[in-house]
Participant: 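Provided herewith is a single structure, encoded as structure tokens, for subsequent inquiry.
The structure presented is a predicted model; accordingly, all values stated were derived computationally and were not measured.
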Amino acid sequence: STFSPVICFGSVSATVWLLSYGIAYATPYPDIALWWFKVGHIGIVSIPACISLFTLAIVQRVRVRLGLVLSAIAGSVGFGIAVLMNPSFIRGVATFPWGYYPTYGPLSVPFLLWFALLLANSLQIFWIEYRRARTKIQTDRLRAFLWSFCVSYVGLVDYVAMDMKSPL
């Protein structure tokens, strides 16, 4: 089954993201915070691929949409390399009452668009499969996934704090 590795991949991504951000928030040193935010972004750039793979595993369409899976993984790898190697992705840190927070550079715009596109695609796949569902169990299950993803996507408001105008 494809599902177990997908859950593992998603769990590792979320763990890297949240643990790294927790450490970055706790440090009093901006350079250390910046390093941990970059590590955390390795988890973040993996999320769209995880969501795409999870969605396709749920609707049992991984093999049918293998191109989407491979392009999502390639995008995650590419943006992960950019996070680590290119200062125009994460430019620095800004100070907030809760601690430091990363500031994005111009390379973050394609990432955010790609992220939003894959999340919207996931909703579209759930919607299409919901409309095709033949049994009440399938309909209820897909409706629950659709609503849970819609609600969880509200968490994207977190990007509002990422100041893209602050100087290097």
Participant: What closest approach, in Å, do Pro106 and Pro110 show between heavy atoms, and which atom pair accounts for it?
Facilitator: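 Scanning both residues, the minimum pair turns out to be O-CD, 3.4 Å.
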Participant: Given side chain to side chain contact (heavy atoms under 4.5 Å, CB included), test Ile23 with Leu19 step by step and report yes or no.
Facilitator: CA-CA 6 Å; Ile23 293 169; Leu19 184 62; 4.3 Å; yes
Participant: Report yes if some heavy atom in the side chain of Phe54 is under 4.5 Å from a heavy atom in the side chain of Phe145; otherwise report no.
Facilitator: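 Yes. Closest side-chain heavy atoms under 4.5 Å.
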Participant: Looking at side-chain heavy atoms only, is the closest gap between Trp114 and Ser76 below 4.5 Å?
Facilitator: yes
Participant: Is atom CG of Leu113 surrounded by more than 12 heavy atoms (other residues, nucleotides or ligands) closer than 6.0 Å?
Facilitator: yes
Participant: Test side chain to side chain contact (heavy atoms under 4.5 Å, CB included) on Tyr21 and His41; report intermediate values, then the result.
Facilitator: CA-CA 9 Å; Tyr21 266 54; His41 267 70; 2.7 Å; yes
Participant: What residues, two or more places apart in sequence or in another chain, satisfy salt bridge (Lys or Arg N to Asp or Glu O under 4.0 Å) together with Asp140?
Facilitator: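 Partners of Asp140 under the salt bridge (Lys or Arg N to Asp or Glu O under 4.0 Å) test: Lys136, Arg143.
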Participant: Examine distances only and state if a side-chain atom of Thr103 and a backbone atom of Gly92 form a donor-acceptor pair shorter than 3.5 Å.
Facilitator: yes
Participant: Could you measure the distance from the CD atom of Gln138 to the CZ atom of Arg132? Nearest 0.5 Å is fine.
Facilitator: 11.5 Å
Participant: Taking all non-hydrogen atoms of both residues into account, name the closest pair between Pro102 and Ile90 and its distance.
Facilitator: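 Closest pair (atom of Pro102, atom of Ile90, distance): CB-CG2, 4.0 Å.
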Participant: Fit a plane to each ring of Trp98 and Tyr25, take the angle between them on a 0 to 90° scale, and name the class: parallel (under 30°), tilted (30 to 60°) or perpendicular (over 60°).
Facilitator: perpendicular
Participant: Compare all side-chain heavy atoms of Tyr153 with those of Leu123 and state whether any distance is below 4.5 angstrom.
Facilitator: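 Result yes, sub-4.5 Å side-chain heavy-atom pair found.
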Participant: Do Arg65 and Asn121 have side-chain heavy atoms sitting under 4.5 Å apart?
Facilitator: yes
Participant: How far apart are the closest heavy atoms of Ile51 and Phe149, and which atoms are they?
Facilitator: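 Here Ile51 and Phe149 meet closest at CG2-CE2, 3.7 Å.
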Participant: Are the side chains of Phe37 and Val93 in contact, using a 4.5 Å heavy-atom criterion?
Facilitator: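 Side-chain contact under 4.5 Å: yes.
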Participant: Could you go through the side chain to side chain contact (heavy atoms under 4.5 Å, CB included) check for Thr55 and Glu129 one step at a time?
Facilitator: CA-CA 10 Å; Thr55 300; Glu129 294 301 321; over 6 Å; no
Participant: Does a side-chain heavy-atom distance below 4.5 Å link Leu68 with Leu118?
Facilitator: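 Leu68 reaches Leu118 side chain to side chain.
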Participant: Search all heavy atoms of Val6 against all heavy atoms of Cys50 and return the closest pair with its distance.
Facilitator: CG1-O, 4.3 Å
Participant: When you compare the side chain of Phe89 with that of Tyr104, does any pair of heavy atoms fall below 4.5 Å?
Facilitator: yes
Participant: For residues Ile81 and Val77, determine if any side-chain heavy atom of one lies less than 4.5 Å from a side-chain heavy atom of the other.
Facilitator: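 SC-SC contact between Ile81 and Val77 confirmed.
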Participant: Only one of Thr15, Val39, Ile44 clears side-chain contact (heavy atoms from CB on, under 4.5 Å) with Ser20; which?
Facilitator: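 Answer to the side-chain contact (heavy atoms from CB on, under 4.5 Å) test with Ser20 among Thr15, Val39, Ile44: Val39.
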Participant: Of all the heavy-atom pairs spanning Gly43 and Val16, show the shortest one and how long it is.
Facilitator: N-CG1, 3.8 Å
Participant: Run Trp17 and Ser13 through side chain to side chain contact (heavy atoms under 4.5 Å, CB included) and show every step you take.
Facilitator: CA-CA 6 Å; Trp17 162 41; Ser13 295; over 6 Å; no
